[in-house]
Amino acid sequence: MKKIIAMLLVLVMVLSLVACGNKADEKTTVTMIAAQYGDKTAEWWAGFEKKFEEANADIDLVVDVVSWNDIYTVVNTRIANNEQPDLLNIDGFADYHADGLLKPVSEWVSDETYAKFYDSFIAESIVDGTVWAIPDLASARALYVNTDILAAAGVEVPTTWAELEKACEAIKAYDPEIYPWGVDMTTDEGQAAFAYYTWNNGGGFVDKDGNWALNSAENVEAIEFIIDMVNKGYTNNDPANQTRYTLQDLFAAGKIAMMIAPTQIESICAEAGNGVNFKAVLIPANEGKANATMGVMDRIMCFENEQTDAEMAAITKVVDAFYDDQPYAEWVVMENFIPATSTGGEICIQLQPDLESWINLVAGAQFYPAAKAEWMDVKQGTINVLQQALLGEDVQTLLNDLQAQIAG
């Protein structure tokens, strides 16, 4: 009997050691969906995963890079199947917050990393006094003009809508094969087109009190103006389907004279090698209205997945590693965007000195009202308004319907 008891004790000890060994071998998994910004995005994240796991052997980082065309469908499908990632890199956050799906930033971002962000960027992700997402990068939009085409057509860089229309008329007369003005009203960036024209007519998505004001007189006038420009043949021929990526390539080929775009257009022109001479200036505004600069910011957020303490600690490590100054700055420069951190910004300016003016520009820019829970519906709604207006429907009626749908 004593021998049997002794054997059982040895067996128990062996099994305990095996169990402890297996437990030690277990890894904490962190999942993430990241937006694809360019051709190098997936490769960069693959490299980040590898380096991170080499430095953190106890963490398994799984990053799925998804194109902007598909990311909303992918994320919503994952949420519907209760398979949302731990971390998500996308633009809007308010609808996820409204559905109770997000963790506050204070639970997963270290104090050291949080201190790096520009205050104006953080302010765009606050709801009821709580920060629910952090910025990963930003961009500002400016009017890019082909200076050679404008000079050949005998026109100056337009600063008002009246000057813009006259310039387009002259460019069209100079060379009918050149599109005077590039416009993207696609599902990719139609909401940006809505912002360009309404903001530069004293309108926009909300009024001074932050209430939805989609059918304001200023907005109606602005959308009617750009639709009229399309109908007069002053723009690219298919604004509902030609994205800014297509337009940027056409600009780099000397086929578009003027278009509103982010900083990436400069590297696109350089890579194209067509010798296009250009400069960036303020977006034209209607007579008597202030020129508005548009800022665009994407975010990283953390889903509430009932994570353990170990999982939350792993998530914080991932976030800290991503915002580590040198690699973060190199990523921002690679993607041709504006950094969201002051420390990363200093390195970015060293790597790419002309970014300093863009960083200063975006600090005073207007942003989408993405902290409002209805934003994603408004975003899609403004795109629908533009596309239906292109088909000849009445702008005032379209905006009235959208306002009623959103504001009730």
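Residue numbers count from 1 along this sequence. Heavy atoms only: backbone and side chains are in, while hydrogens, waters and symmetry mates are out.
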Is there a donor-acceptor pair closer than 3.5 Å between any side-chain N or O of [X] and the backbone N or O of [Y]?
| X | Y | answer |
| --- | --- | --- |
| Glu393 | Ala389 | no |
| Asn200 | Ala292 | yes |
| Asn146 | Ile149 | yes |
| Asn274 | Ala252 | yes |
| Asn89 | Ala35 | yes |
| Asn360 | Glu356 | yes |
| Asp394 | Thr397 | yes |
| Glu169 | Glu165 | no |
| Gln307 | Phe303 | yes |
| Asp238 | Gln242 | no |

Examine the side chains of [X] and [Y] and answer whether a donor and an acceptor come within less than 3.5 Å of each other.
| X | Y | answer |
| --- | --- | --- |
| Gln388 | Asn384 | no |
| Asn400 | Gln396 | yes |
| Asn336 | Thr263 | no |
| Thr186 | Asp184 | yes |

Are any non-hydrogen side-chain atoms of [X] and [Y] less than 4.5 angstrom apart?
| X | Y | value |
| --- | --- | --- |
| Val145 | Phe278 | no |
| Tyr328 | Thr113 | no |
| Thr159 | Leu282 | no |
| Met334 | Glu330 | no |
| Val62 | Val30 | no |
| Val362 | Tyr118 | no |
| Ile315 | Cys302 | yes |
| Phe121 | Leu137 | no |

Under 4.0 Å between a Lys/Arg side-chain N and an Asp/Glu carboxylate O for [X] and [Y]?
| X | Y | result |
| --- | --- | --- |
| Lys40 | Glu335 | no |
| Glu189 | Arg141 | yes |
| Lys116 | Asp325 | yes |
| Arg78 | Asp64 | yes |

Does atom [atom1] ([X]) have a neighbourhood of more than 12 heavy atoms from anything else shown, all under 6.0 Å?
| X | atom1 | result |
| --- | --- | --- |
| Asn237 | CG | yes |
| Asp119 | CG | no |
| Glu54 | CD | yes |
| Glu43 | CD | no |
| Glu83 | CD | yes |
| Asp111 | CG | no |
| Asp39 | CG | no |

Are [X] and [Y] near enough that their ring centres are under 6.0 Å apart?
| X | Y | result |
| --- | --- | --- |
| Phe52 | Phe322 | no |
| Tyr234 | Tyr179 | no |
| Phe225 | Trp161 | yes |
| Phe194 | Trp199 | no |

To the nearest 0.5 Å, what is the distance between [atom1] on [X] and [atom2] on [Y]?
| X | Y | atom1 | atom2 | result |
| --- | --- | --- | --- | --- |
| Asn219 | Glu224 | CG | CD | 11.0 Å |
| Leu247 | Ile268 | CG | CD1 | 10.5 Å |
| Lys103 | Asn305 | NZ | CG | 8.0 Å |
| Asp309 | Thr28 | CG | OG1 | 11.0 Å |
| Asn201 | Glu221 | CG | CD | 4.5 Å |
| Leu101 | Asp99 | CG | CG | 5.0 Å |

Quick one: closest heavy-atom pair of [X] and [Y], and the distance?
| X | Y | answer |
| --- | --- | --- |
| Lys372 | Gly210 | NZ-O, 3.0 Å |
| Met258 | Ala167 | CE-CB, 4.3 Å |
| Ile227 | Met185 | CD1-CE, 4.1 Å |
| Pro284 | Pro158 | CG-O, 3.7 Å |
| Ile126 | Phe93 | N-CZ, 4.4 Å |
| Arg299 | Asp91 | NH1-O, 2.9 Å |

Verdict with supporting geometry, Thr29 and Ile59, side chain to side chain contact (heavy atoms under 4.5 Å, CB included): CA-CA 6 Å; Thr29 299; Ile59 300 174; over 6 Å; no
Any idea how [X] and [Y] line up, ring-wise: parallel (<30°), tilted (30 to 60°), or perpendicular (>60°)?
| X | Y | value |
| --- | --- | --- |
| Trp68 | Tyr37 | perpendicular |
| Phe251 | Tyr144 | perpendicular |
| Trp331 | Trp44 | tilted |

